[in-house]
Amino acid sequence: MGFNDRVYEIVRQIPEGKVASYGQIAYMTGSWRASRAVGYALHNSPHHAKLPCHRVVFKDGRLTTGFAFGGKDVQRDMLEAEGVVFTADGRVDMIKCCWSTQEAPGAGD
DNA sequence: AGATTGACGCGAA
DNA sequence: CTTCGCGCCAATC
């Protein structure tokens with residue numbers, strides 16, 4: 001399970017207050033198209049308890065509906081508690097919360 | 001080995 | 001803006 005393990009390692013690196021899209025993770029695994037495989041991996045996550053899978057959302061910033069943690073509302077609450085910003089659309093503010101592998105260059109201006 | 005599915009992503013209508 | 005369809009990858013039957 002190289003791919004699967006790879007996904008876990010990446011998701012684990014997601015800091016609080018930030019979110020990553022399946023496509024983003026898929027890209028890091030080496031398979032930029034394996035967005036579906038990423039979700040599949042998380043679904044099978046053997047250590048999902050320690051994986052911030054709730055920080056993994058759609059490209060649109062939308063959350064997974066009905067499959068996770070008990071509901072997207074719960075996931076949203078978790079993300080907000082982490083510091084993730086949400087828009088009036090009920091979606092994650094990917095503009096500010098899109099996770100990047102690169103550390104903040106200005107360290108917060 | 002072939003067919004099917006699934007926490008996706010994007011283009012087109 | 002919403003809905004439909006196709007492609008992608010990996011895992012499972």
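Residue numbers begin at 1 in each chain, while the letters A, B, ... track the order of the sequences.
Residues A/K18 and A/E82 are not in side-chain contact: their nearest non-hydrogen atoms beyond the backbone lie 4.5 Å or more apart.
Ion pairing between a basic and an acidic side chain is recognised when a charged N comes within 4.0 Å of a carboxylate O; A/R6 and A/E9 show no such pairing.
Here C/dT2 presents its C1' atom at 13 Å from CG of A/D60, a figure rounded to the nearest Å. Between A/Y27 atom OH and C/dC9 atom P there is a gap of 15 Å when expressed in whole angstrom units. When the P atom of B/dG9 is taken as reference, atom CD1 of A/I25 falls 10 Å away, rounded to whole Å.
When all heavy atoms of A/C53 and A/V11 are compared, the closest pair comes out as N-CG1, 4.1 Å.
Hydrophobic clustering, with ILVMFWY side chains joined whenever heavy atoms are under 4.5 angstrom apart, groups A/V38 together with A/M28.
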Determine, for nucleotides 3-8 of chain B in 5'-to-3' order, which nucleotides have protein heavy atoms under 4.0 Å from the base (write B), from only the sugar-phosphate (write S), or from neither (write -).
---BBB
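Nearest-nucleotide positions on DNA chain C for A/S31 and A/R62 put A/R62 closer to the 5' end.
Sorted by first and then second residue, the salt bridge (Lys or Arg N to Asp or Glu O under 4.0 Å) pairs involving residues 38-50 of chain A (not counting sequence neighbours) form an empty list.
Other residues sharing the hydrophobic cluster of A/V84, ordered by chain and number and joined by side-chain separations under 4.5 Å: A/V19, A/V57, A/L63, A/L79, A/F86, A/V92, A/M94.
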